[in-house]
Amino acid sequence: QVHLKESGPGLVKPPQTVSLTCAVTGKSITTANFYWSWVRQPPGKGLEWMGAISWGNTLHYNPSLMMRTSISWDTSKNQFTLQLDTVTPEDTAVYYCAGGIGALDYWGQGAQVTVFA
């Protein structure tokens, strides 16, 4: 069974950088054809896909966020990381990690990140 679990700071001040980590169990993150994504949901809004790292260590970013977003992985720990730079209160959201082949089949429970001045 595949499980994902996000971890992060919870509270961040602008214009700091927030880093979130997703620990994956039950599936190697280097499994062929798998994509591992970060998705966020601001309060009262829909889901926003932020980016992904794929099985070939290929990176994909939402164009609207790519200047501030960096995704990486640590295959020795079977986890992947999101870094979002220069945060503002508009980055307040629940951040989810997710994975799958073509679709996001597996999701973490989400981690709240609140940006306050």
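Note that the numbering runs from 1 along the sequence shown for the chain.
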Minimum heavy-atom distance Val87-Pro14, with the two atoms named: O-CB, 3.1 Å

Using a 3.5 Å distance criterion without hydrogens, assess whether the side chain of Tyr96 forms a donor-acceptor pair with backbone atoms of Glu6. no

Positive for side-chain contact (heavy atoms from CB on, under 4.5 Å) with Cys22, one of Asn78, Leu4, Thr81: Leu4

Give me the atom names and distance for the closest heavy-atom approach of Ala52 to Ser37. CB-OG, 3.3 Å

Treat each ILVMFWY residue as a node, draw an edge where side-chain heavy atoms are under 4.5 Å apart, and state whether Val39 and Val2 are in one component. no

Is there a path of hydrophobic side-chain contacts, each under 4.5 Å between heavy atoms of I, L, V, M, F, W or Y residues, that connects Leu59 with Met66? yes

Listed by chain and number, what are the side chain to side chain contact (heavy atoms under 4.5 Å, CB included) partners of Ser7, not counting sequence neighbours? Thr21

Please give me the minimum heavy-atom distance between Pro42 and Gly46, naming the atom from each residue. CD-O, 3.6 Å

Do Val113 and Leu11 sit in one hydrophobic cluster, given that two such residues count as connected whenever their side-chain heavy atoms are within less than 4.5 Å of each other, even indirectly? no

Work out which heavy atom in Pro43 is nearest to a heavy atom in Ala93; give both atom names and the distance. CD-CA, 4.4 Å

Taking all non-hydrogen atoms of both residues, which atom of Gln109 and which atom of Lys5 are closest, and how far apart? NE2-NZ, 3.2 Å

Hydrophobic clustering (ILVMFWY, side-chain heavy atoms < 4.5 Å, transitive) - are Leu104 and Ile101 grouped together? no

For Leu65, does its backbone N or O pair with a side-chain atom of Thr69 as donor and acceptor, under 3.5 Å? yes

Spatial distance of atom OG1 (Thr58) from atom CD1 (Ile71) [nearest 0.5 Å]: 12.5 Å

Measuring from atom CD1 of Ile29 to atom CD1 of Ile53, what distance do you get when rounded to the nearest 0.5 angstrom? 7.0 Å

Once you round to the nearest 0.5 Å, how far does CG of Leu82 lie from CE of Met50? 4.5 Å

Residues two or more places apart in sequence or in another chain: which of them pass side chain to side chain contact (heavy atoms under 4.5 Å, CB included) with Lys77? Asp74, Gln79

Parallel, tilted or perpendicular for Phe80 and Trp36, by the 30°/60° rule? tilted

Please lay out, stage by stage, how Asn57 and Trp73 fare under the test side chain to side chain contact (heavy atoms under 4.5 Å, CB included). CA-CA 8 Å; Asn57 197 17; Trp73 66 10; 3.5 Å; yes

Pairing donors with acceptors under 3.5 angstrom, does anything connect the side chains of Thr114 and Gln112? yes

To the nearest 0.5 Å, atom CD of Gln16 lies from atom CG of Asp85 at 11.5 Å

Take Tyr106 and Cys97, measure what side chain to side chain contact (heavy atoms under 4.5 Å, CB included) needs, and give me the verdict at the end. CA-CA 8 Å; Tyr106 309 102; Cys97 59; over 6 Å; no

Of all heavy-atom pairs between Pro9 and Leu20, which one has the smallest distance, and what is that distance? CD-CD2, 4.1 Å

Worked verdict on Asp91 versus Arg40 for side chain to side chain contact (heavy atoms under 4.5 Å, CB included): CA-CA 9 Å; Asp91 293 310; Arg40 68 180 182 179; 2.8 Å; yes

Short question: side chain of Arg68, backbone of Leu84 - any donor-acceptor pair under 3.5 Å? no

In Å and rounded to the nearest 0.5 Å, what is the NZ to CZ distance from Lys13 to Phe116? 5.0 Å

